[in-house]
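Everything on this sheet refers to the single structure shown next.
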2 protein chains.
Amino acid sequence: MNTEEFKANLDAIATECLAVRVRMLSRVVTKIYDEELRPLHLKASQMNILVAAAKMGVARPVALCELLHLDVSTLSRNVERMRQRGWLEVVPEAEDARAQPFRLTAEGRTLLQQAVPRWKEAQEKTRRMLGDGVVNLLGKTFKQLQRAKTAS
Amino acid sequence: MNTEEFKANLDAIATECLAVRVRMLSRVVTKIYDEELRPLHLKASQMNILVAAAKMGVARPVALCELLHLDVSTLSRNVERMRQRGWLEVVPEAEDARAQPFRLTAEGRTLLQQAVPRWKEAQEKTRRMLGDGVVNLLGKTFKQLQRAKTAS
DNA sequence: TGTAAGTAATTGTATATGCAATAATACCAA
DNA sequence: TTGGTATTATTGCATATACAATTACTTACA
């Protein structure tokens, strides 16, 4: 590859790379939620897990990881941190001794309730920043990715 | 907040939360690039920095961080890792003794050249996965975020 | 029924990320 | 000029993230 070609490729990567874009977007958006949730000592990533667990009732790690496209080892440690803080508890599972399903504790539920108004604020800020077009397309992509995962 | 209300809020968060969406998208897309780049022992996050440095010639950390919405402390350590591998080098800066501008080494440049075809493959996979609508809108959002940063 | 293959979760290791505090330098204004 | 403020980068600390290897258990099949 000669210098000219290389420069052209660099330009293409710099201006078009989708990894750069989504990663930057993730940093920017995460920051908005983290700032809003900081008084509760809660992070956006942790709220994700609390909400999913609340919705599931009793959450099995593998199922939650497929839903969120999250590595099980990542979830394992995140859950452990939240368990130590008393937000989650592991529930005994008779049917499969390998499973370590978990659910919200009362404290976790209270925390989540306190987080709701702050989440709404962050959500609105982000919506304004991104605009409805991006928000709607992100929604479609999100559902598509979840289908893709469960279908495979 | 009563139980009904809380459940409705949980549903809203689970189905609409923009942080959940962009973070998941970031994980999915990053994985595609990381897998493609793995034979080069290079990660998407590192390629971002190499490309930006290559484009800038001599990159000043603060400037690069504003461009990518990256914390300076994050960049500091990422650069250090890449410096240890011989991909980047810090260049002396006479005008401001605080500055630690850096640039690609010859090895860094070679690595980046090797990464180009792999990047193209990952980019194409991702484009197919997301569709042109999302890709184009992400591009607009990206430029908008870069403007917002440089304007402030 | 007993073993081989598969599955669930954890642990070791490494990178990425950001906040708070700090150190060193630059700039500005009285 | 000097004293306070702003800027640049690094470091301590904590969390998030994923891959590879491992452990423990389950399932299938021969």
Side-chain angles (χ1 to χ4, degrees), chain A residues 19-20 22-39 41-49 58-66 68-85 87 90-102, chain B residues 19-20 22-39 41-50 59-66 68-85 87 90-102:
Chain A
V20 172
V22 299
R23 292 175 61 82
M24 184 176 112
L25 188 60
S26 172
R27 287 192 294 269
V28 170
V29 171
T30 298
K31 194 185 184 90
I32 294 173
Y33 288 78
D34 278 354
E35 278 175 2
E36 201 67 51
L37 296 172
R38 191 162 306 137
H41 307 291
L42 179 66
K43 299 194 72 180
S45 46
Q46 298 170 330
M47 203 195 60
N48 296 174
I49 295 171
V58 172
R60 294 180 67 255
V62 167
L64 203 156
C65 284
E66 285 189 356
L68 295 178
H69 289 254
L70 195 63
D71 194 87
V72 283
S73 68
T74 300
L75 182 66
S76 181
R77 283 176 245 238
N78 291 354
V79 166
E80 175 56 20
R81 272 186 282 267
M82 292 192 278
R83 200 191 56 71
Q84 281 181 9
R85 296 190 179 166
W87 301 343
V90 171
V91 299
E93 159 80 54
E95 293 161 34
D96 189 336
R98 295 168 301 183
Q100 293 277 280
F102 58 88
Chain B
V20 172
V22 298
R23 292 176 60 81
M24 183 177 112
L25 187 60
S26 172
R27 286 192 294 269
V28 171
V29 171
T30 298
K31 195 185 184 91
I32 294 173
Y33 287 77
D34 278 355
E35 278 174 2
E36 201 67 51
L37 295 172
R38 191 162 307 137
H41 307 291
L42 179 65
K43 300 195 71 180
S45 46
Q46 298 170 331
M47 203 195 60
N48 296 176
I49 294 171
L50 285 185
R60 295 180 65 257
V62 166
L64 202 156
C65 285
E66 285 189 357
L68 295 178
H69 288 255
L70 195 64
D71 194 89
V72 282
S73 68
T74 300
L75 181 66
S76 180
R77 283 175 246 239
N78 292 356
V79 166
E80 175 55 21
R81 271 187 281 269
M82 293 192 277
R83 201 190 56 72
Q84 281 179 10
R85 295 190 180 166
W87 301 343
V90 171
V91 299
E93 159 78 56
E95 293 161 35
D96 189 336
R98 296 167 301 183
Q100 293 278 280
F102 58 88

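Below, chains carry the letters A, B, ... as their sequence lines are ordered, and counting in each starts from 1.
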May I ask you to test the Leu50(B)-Leu42(B) pair for a side-chain heavy-atom distance under 4.5 Å? yes
Minimum side-chain heavy-atom gap Gln46(B)-Asn78(B) below 4.5 Å: no
Tell me whether the OP1 or OP2 atom of dA9(D) has a side-chain N or O from Ser76(B) closer than 4.0 Å. no
Among dC19(D), dT15(C), dT10(C), the one nearest any side-chain atom of Lys43(B) is dT15(C)
Salt bridge flag under 4.0 Å for residues Arg83(B) and Glu80(B): yes
Any idea which of dT11(D), dG18(C), dA18(D) is nearest the Leu70(A) side chain? dA18(D)
Determine whether any donor atom in the side chain of Arg98(A) lies under 3.5 Å from an acceptor atom in the base of dT7(C), or the reverse, and answer yes or no. yes
Counting just side-chain N and O atoms, does Asn78(B) come under 4.0 Å of either OP1 or OP2 of dT15(C)? no
Is there side-chain contact between Leu64(A) and Phe102(A), with at least one heavy-atom pair below 4.5 Å? yes
Heavy atom of residues 25-34 of chain A under 4.0 Å from DNA chain D: which residues? none
Could you check if a side-chain atom of Leu68(B) sits within less than 4.5 angstrom of a side-chain atom of Arg23(A), using non-hydrogen atoms only? no
Gap between atoms CD and C1', on Glu66(B) and dT7(D) respectively (whole Å): 11 Å
Under 4.0 angstrom between Arg85(B) side-chain N/O and dT15(C) OP1 or OP2: yes
Arg81(B) near the nucleic acid: base, sugar-phosphate alone, or nothing, with a heavy-atom cut-off under 4.0 Å? base
For the residue pair Lys43(B) and Leu37(B), establish whether any side-chain heavy-atom pair is separated by less than 4.5 Å. no
When rounded to whole Å, the CZ to P distance for the pair Arg23(A) and dA16(D) reads 16 Å
Among dT11(C), dT8(D), dT15(D), which nucleotide has an atom closest to any side-chain atom of Ser73(A)? dT11(C)
Please determine, for the side chain of Thr74(B), which listed nucleotide (dA18(D), dA8(C), dA16(C)) has the closest atom? dA16(C)
Separation of Leu42(B) atom CG from dC19(D) atom C1', in whole Å? 16 Å
Met47(B) CE to dT15(C) P: how many Å, rounded? 18 Å
To the nearest Å, give me how far apart CG (Asp71(A)) and P (dT11(C)) are. 15 Å
pair Met24(B)-Leu70(A): side-chain heavy atoms closer than 4.5 Å: no
Any donor and acceptor pair, going by atom type alone, linking the side chain of Ser26(B) with main-chain N or O of Val22(B) inside 3.5 Å? no
Residue met sooner reading DNA chain C from 5', once Arg77(B) and Ala97(B) are mapped to nucleotides: Arg77(B)
Specify the separation, in whole Å, of atom CD of Glu93(B) and atom P of dT25(C). 14 Å
For Met24(A) and dT17(C), give me the distance from atom CE to atom P, rounded to whole Å. 13 Å
Tell me the interatomic distance from Leu68(B), atom CG, to dG18(C), atom C1', rounded to whole angstroms. 15 Å
Using heavy atoms to find the nearest nucleotide of DNA chain C for Glu35(A) and Gln46(B) separately, return the residue whose nucleotide is more 5′. Gln46(B)
